[in-house]
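Heavy-atom basis, side chains included; hydrogens, waters and symmetry copies ignored.
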Amino acid sequence: MRIPYTKLQVSKHVIPAGSAVCMAPPILNRNPGYYDHLDEFQLERYLENPKLLRYQMLLSKGKRQCLGIDLAYQEVQTFTAGIIRRYDLYDPTKKAQIGPRLELYQTTQADMATHLDLIPIGPYKGS
């Protein structure tokens, strides 16, 4: 979050001085101006166009990037490895599955979509 001390001109918009300005990474990461087929898992899009990585704002960028970014990535890798080790993935070609398995049960695309990203933040009165 940033609070400009003077009015700020951004394109055609004017942000008054003292207004709280922030971004929503889920909205930035799903910008149809940069990404085709947003609802499809296409890891190869980054191999075909490495410049797309500059538009990813998962844990911020630059000097203000998340201090725990390396720990967060390690936790994701450890968690994913643990899940893959313990469970089999659902195989639709088999009539019977063996052992515990991962599958989405009675789930639609709408169940997986982001419908609201709401983080109410702002400076306290008198700051």
Quick check: does any side chain N or O of Thr80 sit under 3.5 Å from a backbone N or O of Gln77, one acting as donor and the other as acceptor? no
Is there a donor-acceptor contact under 3.5 Å from the side chain of Arg45 to the main chain of Asp36? yes
Side chains of Glu44 and Gln42 only: does a donor on one sit below 3.5 Å from an acceptor on the other? no
Quick note, ring pair (Phe, Tyr, Trp, His ring centres under 6.0 Å) partners involving residues 5-51, not counting sequence neighbours, are Tyr34-Tyr55
CG of Leu53: more than 12 outside heavy atoms within 6.0 angstrom? yes
Please determine whether the number of non-hydrogen atoms from other residues, nucleotides or ligands lying under 6.0 Å from atom CG of Leu67 exceeds 12. no
side-chain contact (heavy atoms from CB on, under 4.5 Å) with [X]: which residues, sequence neighbours excluded?
{"X": "Lys95", "value": "none"}
{"X": "Leu8", "value": "Pro4, Val10, Ile15"}
{"X": "Thr6", "value": "none"}
{"X": "Thr78", "value": "Gln74"}

Would Tyr87 end up clustered with Phe79 when hydrophobic side chains under 4.5 Å apart are linked, directly or stepwise? yes
When rounded to the nearest 0.5 angstrom, what distance separates CG in Leu52 from CG in Asn29? 11.0 Å
What distance do Glu75 atom CD and Asp70 atom CG have between them, rounded to the nearest 0.5 Å? 11.5 Å
Just so I know, are the side chains of Thr108 and Asp111 near enough to count as touching, which here means a heavy-atom distance under 4.5 Å? yes
Sequence neighbours left out, what passes side-chain hydrogen bond (donor to acceptor under 3.5 Å, both in side chains) with Thr107? Give chain and number order. none
